[in-house]
Amino acid sequence: MAPPNNRETRRKSKAFDLLALAAAFAKEKNISLTDPLFVDRFVSDAAVRLSEALDDAPLMHGSRTEKLFEATVLSLGRYRLFKTEDVGRVHASKSYRAPDFRIVLNDGVQWLVEVKNVRRENPRNQRTTMSAAYLASLQTYADAVGTPLRLAIFWSRWNIWTIIAPEKFRRANGDLRVAMMDAIVANEFVRLGDMTIMTTPPLRLLIEADTAKPSKIGQDGLAEFVIGSARMFSGDIELKNLRDRRLAEILFLFGEWPCDGPTAIMDENGITGVEFVASPEEPSDQGFDGIGWASRIFSRYFSTQTVDGDKIIQLNGQPVPTWFAPLAKWDFEHSKLPLWLGHIEPSDPPP
């Protein structure tokens, strides 16, 4: 018998989370779940609270960052298990605060991860703090379940993720202070599959006109033609292999190299297509250049799904595990897309 499709699964799923919220509301307001007015009162209260939440910028940005972290880890693909930790009630003899996520790494090591979004006005002065009480509540929970604590900090102005062990940045009074550059030096995201991706510039996207269809350039300079094909190049070499082309498209669209174009391509019959060229602002003389960390590349993609201008339009974005998984078994010898992968380890990794 075939498994049910996603639509059937959604139709048959039960509203456990919604019921839990409604039950908590009924308990708080001392209303019976069977009261004929209960549903209307619950929905009315939820509408007000939801409107307040949507207008709460720190809450929205923090919630989106948590979803971004989850989608990034799933897309990098270097884990055994990833689960939300801070759900449900915690009964404890002390004041505990459950971190956001639990991750089981490929080597069996577990982390509890608290996610934090940081954005300061001065791009050269990116730093953050955490109070002694807040950090202690996280650490107490981590100690109680015997799992190391990590802080995943998203430096949103620079689109950079770092994962750090808090003890390196805890001060004598118990609070935490960390600057972005110090966090980068201590960054452990490599253990979850983050890497620096380098290739040979430029990357070129050639969109060619269908020569069987009419094309023209109007008096206003606007080119009009029907697209016949789209081809991807590394330098002058066309990338025909599907895996090469797919990765090149990802790097072209979401990597760090600026893109020039469109530039019209002409022949004696008129316009034959347009070209876009991505290349580093200051190419090196070593024959290859970095185009971005995998986590930064994915974060740019996530933004296209969740942000419109300065507005958050969605909290959830789609992870894409197929993006970076092929890099673990990349055919460096036969690929037409030259690649160099850098795995940057922390300078003084914690035990």
Nearest 0.5 Å please: distance from the [atom1] atom of [X] over to the [atom2] atom of [Y].
X	Y	atom1	atom2	value
Trp293	Met195	CH2	CE	13.0 Å
Leu76	Trp323	CG	CH2	11.0 Å
Ile344	Phe189	CD1	CZ	13.0 Å
Gln126	Arg119	CD	CZ	8.0 Å

Please determine, by modelled atom types, if [X] and [Y] share a side-chain donor-acceptor pair under 3.5 angstrom.
X	Y	result
Thr306	Arg64	yes
Ser295	Asp194	yes
Thr65	Asn117	yes
Asp267	Thr272	no
Thr263	Glu275	no

Less than 4.0 Å between a side-chain N and a carboxylate O, is that true for [Y] and [X]?
X	Y	result
Glu249	Arg246	yes
Asp107	Arg191	yes
Lys116	Glu114	no
Asp236	Arg204	yes

For [X], does the [atom1] atom have more than 12 heavy-atom neighbours from other residues, nucleotides or ligands under 6.0 Å away?
X	atom1	value
Lys336	NZ	no
Glu281	CD	no
Met181	CE	no
Lys67	NZ	no

**Request:** Please work out whether the ring planes of Tyr301 and Phe298 are parallel, tilted or perpendicular, with thresholds of 30° and 60°.
**Result:** tilted
**Request:** Would you name the heavy atoms of Ile297 and Gly255 that are closest together and state the gap between them?
**Result:** CG1-CA, 4.1 Å
**Asked** Between Pro202 and Val277, what is the shortest heavy-atom contact and its length?
**Response** CB-CG1, 3.6 Å
**Fill in**
Joining Ile, Leu, Val, Met, Phe, Trp and Tyr whenever any side-chain heavy atoms lie under 4.5 Å apart, the cluster holding Ile312 also takes in Leu50, Leu54, Met60, Leu315
**Complete:** Going by chain and number, the hydrophobic cluster around Leu21 (ILVMFWY, side chain to side chain under 4.5 Å) further includes Leu18, Phe25, Ile31, Leu33, Phe38, Val39, Phe42, Val43
**Message:** Main chain of Val145, side chain of Thr147: is a donor-acceptor contact present, judged purely on distance under 3.5 Å?
**Reply:** yes
**Message:** Both conditions, 6.0 Å and 45 degrees, for the charged tip of Arg243 above the ring of Trp330: are they met here?
**Reply:** yes
**Message:** Centre-to-centre under 6.0 Å for Phe154 and Phe69, is that the case here?
**Reply:** no
**Request:** Sort out for me which residue in Asp35, Asn30, Thr34 forms a side-chain hydrogen bond (donor to acceptor under 3.5 Å, both in side chains) with Ser32.
**Result:** Thr34
